[in-house]
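Quick note: numbers below take in every heavy atom, side chains included, and nothing from hydrogens, waters or symmetry partners. Keep in mind the model is a prediction, meaning the values are calculated, not measured.
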Amino acid sequence: MKKLLKNYVKWCKFLGRRSNTWLPPINQQAQQYKLLYTGLYLLIWGEASNLRFMPECLCYIFHHMAYELHGLLSGAISLNTGERVVPVYGGSTDSFLNNVVTPLYKVISEEAQKNSGASDHSKWRNYDDLNEYFWSYDCFKIGWPMRPENDFFWTKWLGKTNFVEIHSFGMIFRSFSRMWTFFILAFQAMIIMAWHDLKSLHQLFDARIFHDVMSIFITSAGLRLIQEILAIAFTWRARYTISMYQILRHVLSILIAAMWVITLPVYFVKSGRLDTCSPKQERGTFGKYIETSNSQVCKIISWWKQVNLILPFHPVLLSYILSSQSYIIVQPQTFVGRGMQECQVSRLKYTIFWLILLLSKFSFSYHFEIKPLMEPTKQIMKISVSKYGWHEFFPKVKTNVGVILAIWAPIVLVYFMDTQIWYSIFCTIFGGIYGIFHHLGEIHTMGMLRSRFQSLPSAFNVCLTPASSKRKQKGKVVGLLQNKLLKVPKDEKGCVAKFALVWNQIISSFRSEDLINNREMDLMTMPPSSDFSSGSVGWPVFLLGNKQVHRLLFLLTAKESAMEIPRNLEARRRISFFANSLFMDMPAPPKVRNMLSFSVLTPYFMEEVNFSEDELLSTQDGTSSIIFYMQKIYPGKCSDWDHHHADETMNEEVRKWASFRGQTLSRTVRGMMYYRKALKLQAFLDMADDKGKQEINSPLSLSAHLDALADIKFTYIISCQMFRAHNSSGDPHAQDILDLMREYPSLRVAYIEETEEIKSDIPHKVYYSVLAKAVNNFLQEIYRIKLPGPPNIGEGKPENQNHAIIFTRGDALQTIDMNQDNYMEEALKMRNVLQEFLRLPRQNPPTILGLREHIFTGSVSSLAGFMSYQETSFVTIGQRLLANPLNDIFSMLSTSRVRFHYGHPDIFDRVFHLTRGGISKASRTINLSEDVFAGFNSTLRQGFVTYHEYMQVGKGRDVGLNQISKFEAKVANGNAEQTLSRDIYRLGQCFDFFRMLSCYFTTIGFYFNNLITVFGVYVFLYGKLYLVLSGLETALLDKAGTANIKSLETALASQSFIQLGLLTGLPMVMEVALEKGFRIAMSDFILMQLQLASVFFTFSLGTKSHYYGRTILHGGAKYRPTGRKFVVFHASFTENYRLYSRSHFLKGFELLLLLIIYNTYKPANETDVTHALVMYSIWFMTGSWLFAPFLFNPSGFAWRKIVEDWIDWKKWMRKEGGIGAQQDKSWESWWNDEQAHLKHTSLCSRIVEILLSLRFFIYQYGLVYHLKISSEDKNIVVYILSWIVIFAIFLLVKAVNVGHQRLSVRHHLWFRLFKAFLFLGMLSIVFVLFVICKLSIMDLILCFLAFVPTGWGILLISLAIRAKIEDYRIWDFAQALAQAYDYGMGFLLFVPIAALAWMPVISSIQTRVLFNQAFNRQLQIQPILAGRNKRR
């Protein structure tokens, strides 16, 4: 009861209410009361439906019902009625559902209907808003019984609660304001130090320098004022629901910040004047400076420093502020985010980590970025430029501000971005050292396994068998040293026999999964002893491969070396990892009957359960079938393959064989059911230890006993909401699920049933959550719970989990996606993992246990391998540092405890989370990445997450470029929504400073720094464009010799660290080196580069930055289904263009245009190597964004496919849209869908979009003054004349468009004559300009380069103001202009692809790059791509 009601007790304390869980003084009665209170809460929670996402709402309901329960038990008299307390809602069967749950459910449903998925978050209340209403005293105004007229139930808009999610980049500054303030002030201080050319830190205390450094506090005051303004602006929509005290805090905060903004500059200027007027001999030292009247400003600044800067670093004071109930404290009064402070030892560890990292970062920034740029800056400020390359609007400006901005802007962006690089470096170093101390990868080859195989039984006995009475648990340090340093304790009697039994079960599972053949199984099996106590056992034959051969049978029959056993790489990896994990630190397991019980929950919608016969044999676009593909990828894995296909049919065994190699539900179910098999095996061994087998008389009773024990400890539920509908309609997915239930009788399926009931002669839809099982091949219902309405109000996956979570049991809950897998040898460690919840009895236990993931799709293609390595760098070595290891002697290598919930092998403390909102959040759009919010919520509610690497779970990833891009777009969308969320804001505000840094750089900071990387490239190129077109770069080179500024190139070279995938590459190399050896790690890394990994990561950088930036600015985040099939099929050009036109192709052409213009006009002496490398990286980015989809597209350079794609693309471009037209069939439909996010964006976002579009007008303004026809005239008239030419071109296009609409059908001849007349007229005008005005061919090229970006800029502006012009004819012209641009971009992409397709060797090289691993395994890829399948 204490754990179950802990959140309720905290809620009562927060609101200043007394808990209604009164207990009598008699202990026996108290136990009965506790049982009743526990049952009451669980009954409320079980019937709460969608209200389970609102834990404090449940506390409110429980508060009143607990009062009624106590009144019933004690016979108390109600203070309101003067009568005995009776339940307010009682009498009928569905009273609680109809009178309590349903009214609250309707409020949630009505609010959710206001959100179409693209609407502004500030216009509707999500789950969090409604739940946080119960954080205030106003919630008791709802009353009990609840008053329908209360404001909470009003359908009119009341405003958000406590927080408003705003689409703005200002949310990043607001959430992590301390970090941004710190970096900005440090940057300012380093600039001041570099300006004064400090030689040592001692000079910092010089009076003049110290005075200038003090200006950072003025900047701090300004930043604080900006923060307070943003706080008011972003909470404006919640003004009706926030308390008067919160309003007062905002007002006082902004008044105080404004006062400092005024006071500090005044005193600073005054102190500067006094210092200037004083004699030189009196201001030479720091001491004399203090003695002057400047001490006033020093005192103010010192006080400001103590309050504003030291406060976030002071743990005790910060802890008091965050947990204080006082209204005097200027902190938001929120129920969550309290008590998150770490102990002093943990804080010291990650503080040291970050201090070392920041010291390295600032040293590099100062010496290689800021200081070398200072002297050129001083020179540029002194130079006076009189001759410009265009019409200069501010020719009298003497300091060359534009040049300084163009030079410093990229430096500033890199300064704020490169901390991510330093974090990656330090993460690699510390994570690698940590892995070494924890014995990761000590056994990673079969040779290592053979050399240590004889020690495995003892290690197995220590790690995976419960401690017997003769083997007491040793002290932690002693046990750790013995297990880690000595590796193996003394052997015990019988441990070898137990190990043999378990080992043989593992080998048997390998055979059942078809990883090994029968012969390999015989060679790897250990002949067991019939008596566990004897300890005698035979070793497996495969150990004798490098020794004297003692077995005559093996000597006579073996045709291959035993060193090659097993031949399957996956079998080798799994068996090596299992053996290595036995030497890692894990808690000792209890007996099965004493272990924590747990459930596994898998949400399912419409994914594949098993591959159907039609699907396996069908072809796509003339390519091969899936079954033919598998036959080539997995040759020899099915011994009787030809027998199965003798009659051209597909039997059930082959369907399963194929399905178990895909990302299917059947593979997931098979893997998860290993838990039950492992528990039965371990229970049998426990009984053998206890001599329990003598108490059971027959094998039948033994089996029944083991089944019962396994069913008590383990439950597996598939949450398939649509199962009933699929079953009724005869959907084959439902039949496949029924087959799984028959194969695994303990498997349960939860689904939604929709029925109709007649009430008052009116039919009403009624919804139920149902749990069912298979009995005697029939579906049998177990439980049925009535719902208040349709459960899918928010995001689909968390709602699917929520409806089924009531059927889970036990202390722990593991969430598993349906593209995951499990293994028999890993299931044996589940007892150990669950003990992590109980490992530290004197400390708060972890609330989520993170587990390691292995990507089993890494060998399908090169792209799949890249994704696997990318997962390695994040899921393993990255999360190793995010989680807080246990307090052993090696934990000093850990950093901050900021790991959240990133995937679905994690194990939840079920009781903790069912009372705190569940295992995910479900508000539509904002909780798109629903799983990570479970970690946020757990951390904010004083839980924490650990990560354990001794157990792994398999996981599938997308294997084709289009699949991967959709997945990364979805993740980027989700991270953008996280940026706007209240969870990230509260974490950024409530964490201590260094823990906040870890949180930022491992969540939204990673994506924001990707965006800064791309934005920095644009800023650099547009700065260069400004310098060369204005003529300033040439002038500065002539007068100051500022070519090739080293610090600028050095800073920009760092962005290639992220661009080329090195940010992922470093951790990957370290992790692979740990687990496979340094040689393999380096060879894999080099091979990845040869397989164009840098092209892939550069392309991925564009995907992340595009969707992250667009979602923050405009919204429009949505779930993007990727499909989880094997992808070796060719993607059409139309599909690639739809997916990448706006995210990559358009940006690639823009970069190409910038590079062409810059290289045309750049000074001839810019030949520095560093500069060339920087420009090369940008050229590389441009090429990757334009052509990566075709490089990684199977048969992307096959001539036949190119011709088919060209015909299909032209058809797609010409097809008109309209109602019912899909975007894959019509350009018009796709174009409208692509711009849909602009329909619902805010006014501020539209303004930002327009301002960003203005960059395209720079080309025209700069290039028209470089035309020969302009005769070097710099008058503004030249620019005005260029606009006249543009409008004339637009009118010409408009005339052709109108003529096409009116004449092309009925007067086709007249339309052709009209076009001929326009064409001849244009030729005549150009000819006259050639003859009279000396127009050149180069001028025509420059006009094209100038006018094309201008037209695109006009089109972007028209899209931003679409709502204002959509009803006018000009919109038709804008649409026609957009189609013309897409025609042009598509043609420019097609030309080089078609040219390369003419060379057959290119297609062969591409195939080798994409499927290099398959070639290394001597597999047949060409027949798959060509589709030469004899069974078609």
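- Side-chain atoms of Thr235 do not come within 3.5 Å of backbone N or O of Ala238 as any donor-acceptor pair.
- Side-chain N/O atoms of Ser1100 and Thr1103 include no donor and acceptor closer than 3.5 Å.
- A ring-ring contact (aromatic ring centres under 6.0 Å, His included) with Phe1390 holds for exactly one of Tyr1383, Trp1206, Phe1190; it is Trp1206.
- The existence of a salt bridge linking Glu111 and Arg125 is confirmed by a sub-4.0 Å separation between a basic side-chain nitrogen and an acidic carboxylate oxygen.
- Ring centers of Tyr1265 and Tyr1261: under 6.0 Å apart, within the cut-off.
- Taking 4.0 Å as the cut-off between side-chain N and carboxylate O, Asp129 and Arg982 count as a salt-bridged pair.
- Side-chain atoms of Asn1275 come within 3.5 Å of backbone N or O of Val1277 as a donor-acceptor pair.
- Side-chain atoms of Arg1138 do not come within 3.5 Å of backbone N or O of Glu1135 as any donor-acceptor pair.
- Ring centers of Trp1352 and Tyr1381: under 6.0 Å apart, within the cut-off.
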Before giving the answer on side-chain hydrogen bond (donor to acceptor under 3.5 Å, both in side chains), spell out for Tyr1140 and Asn962 the whole-Å C-alpha distance, their side-chain angles and the decisive distance to 0.1 Å. CA-CA 9 Å; Tyr1140 309 119; Asn962 291 357; 2.6 Å; yes

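- Taking 4.0 Å as the cut-off between side-chain N and carboxylate O, Arg1110 and Glu1234 count as a salt-bridged pair.
- No donor-acceptor pair under 3.5 Å is formed between the side chain of Trp1227 and the backbone N or O of Trp1209.
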